[in-house]
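Just below is one structure, and these are the notes that go with it.
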Amino acid sequence: MTREEAAQRVLDECFWGDYHFEVSELIQRIDERSDYFDSFLIMRIVDNARHASPLLRVLFSPDRVLSVLRDPRRTDNNRPRMLRRALVEANISGDYAAAPVRQWVG
């Protein structure tokens, strides 16, 4: 998947008319590495994309994604959201101990 394809999927799956971006504008904003915008977009993808991890891998560096997901200010008491974030973090980092609720019991 190209960055353009990933950006288009993000626009289709994660935005419902509340913001308007073009694919090229979204990629340009990602390349600017704004802490605020990157946090906004990464969390929007994690919370709304059907398959967040592949999109995040194409659009951002793993270090950038993990820094946003591990930010202590990102506390949320919504259990399904916390589990999804833990799963995405595990997929990006390769450390599946971070998402024990999603591990198969053998």
Side-chain angles (χ1 to χ4, degrees):
M1 169 182 344
T2 66
R3 290 184 85 203
E4 289 77 13
E5 292 168 337
Q8 185 61 58
R9 283 187 50 197
V10 167
L11 294 174
D12 294 342
E13 296 177 16
C14 303
F15 292 92
W16 309 289
D18 47 352
Y19 295 90
H20 178 74
F21 293 102
E22 298 294 330
V23 169
S24 59
E25 180 185 6
L26 191 66
I27 292 172
Q28 178 185 358
R29 299 281 304 263
I30 292 168
D31 290 343
E32 291 171 359
R33 292 191 50 97
S34 159
D35 288 340
Y36 178 79
F37 186 78
D38 289 357
S39 294
F40 162 75
L41 187 59
I42 288 169
M43 297 315 300
R44 190 88 181 206
I45 293 168
V46 169
D47 291 343
N48 298 305
R50 284 180 278 182
H51 303 286
S53 299
L55 295 175
L56 291 169
R57 281 190 189 106
V58 171
L59 295 172
F60 295 94
S61 72
D63 292 338
R64 188 70 181 137
V65 175
L66 293 175
S67 71
V68 169
L69 293 177
R70 293 176 177 164
D71 186 345
R73 294 175 293 175
R74 294 262 166 231
T75 58
D76 189 347
N77 293 327
N78 180 321
R79 183 163 169 75
R81 181 179 281 171
M82 287 173 35
L83 296 175
R84 183 167 171 89
R85 288 178 185 173
L87 182 60
V88 171
E89 181 180 339
N91 285 337
I92 297 295
S93 70
D95 179 13
Y96 291 95
V101 296
R102 300 292 189 190
Q103 293 177 354
W104 290 98
V105 177

Contact check, side chains of Val65 and Glu89, non-hydrogen atoms, under 4.5 Å: no
Closest non-hydrogen atom pair between Glu22 and Leu11, with its separation: C-CD1, 4.0 Å
Step-by-step side chain to side chain contact (heavy atoms under 4.5 Å, CB included) determination, Asp31 to Arg3: CA-CA 11 Å; Asp31 290 343; Arg3 290 184 85 203; 2.9 Å; yes
Ion pair check, Arg29 and Asp38, cut-off under 4.0 Å: no
Pairing residues for Arg33 by the side chain to side chain donor-acceptor pair (under 3.5 Å) criterion, not counting sequence neighbours: none
Phe40 and Phe15 aromatic ring geometry - parallel, tilted or perpendicular at 30°/60° bounds: tilted
Side-chain heavy atoms of Phe21 within contact of Val10, under 4.5 Å: no
Please tabulate, one pair per line, all N/O donor-acceptor pairs under 3.5 Å involving side-chain atoms of residues 50-61, not counting sequence neighbours.
{"from": "Arg50", "atom 1": "NE", "to": "Glu13", "atom 2": "OE2", "distance (Å)": "3.4"}
{"from": "Arg50", "atom 1": "NH2", "to": "Glu13", "atom 2": "OE2", "distance (Å)": "3.0"}
{"from": "Ser53", "atom 1": "OG", "to": "Asn91", "atom 2": "ND2", "distance (Å)": "3.1"}
{"from": "Arg57", "atom 1": "NH2", "to": "Asn91", "atom 2": "O", "distance (Å)": "2.6"}
{"from": "Ser61", "atom 1": "OG", "to": "Arg64", "atom 2": "N", "distance (Å)": "3.2"}

Non-neighbouring partners of Asp63 that pass salt bridge (Lys or Arg N to Asp or Glu O under 4.0 Å), sequence neighbours left out: none
Atom pair CG/CZ of Asn48 and Arg84 - distance to nearest 0.5 Å: 7.5 Å
Separation of Asp47 CG from Ile42 CD1 (nearest 0.5 Å): 12.0 Å
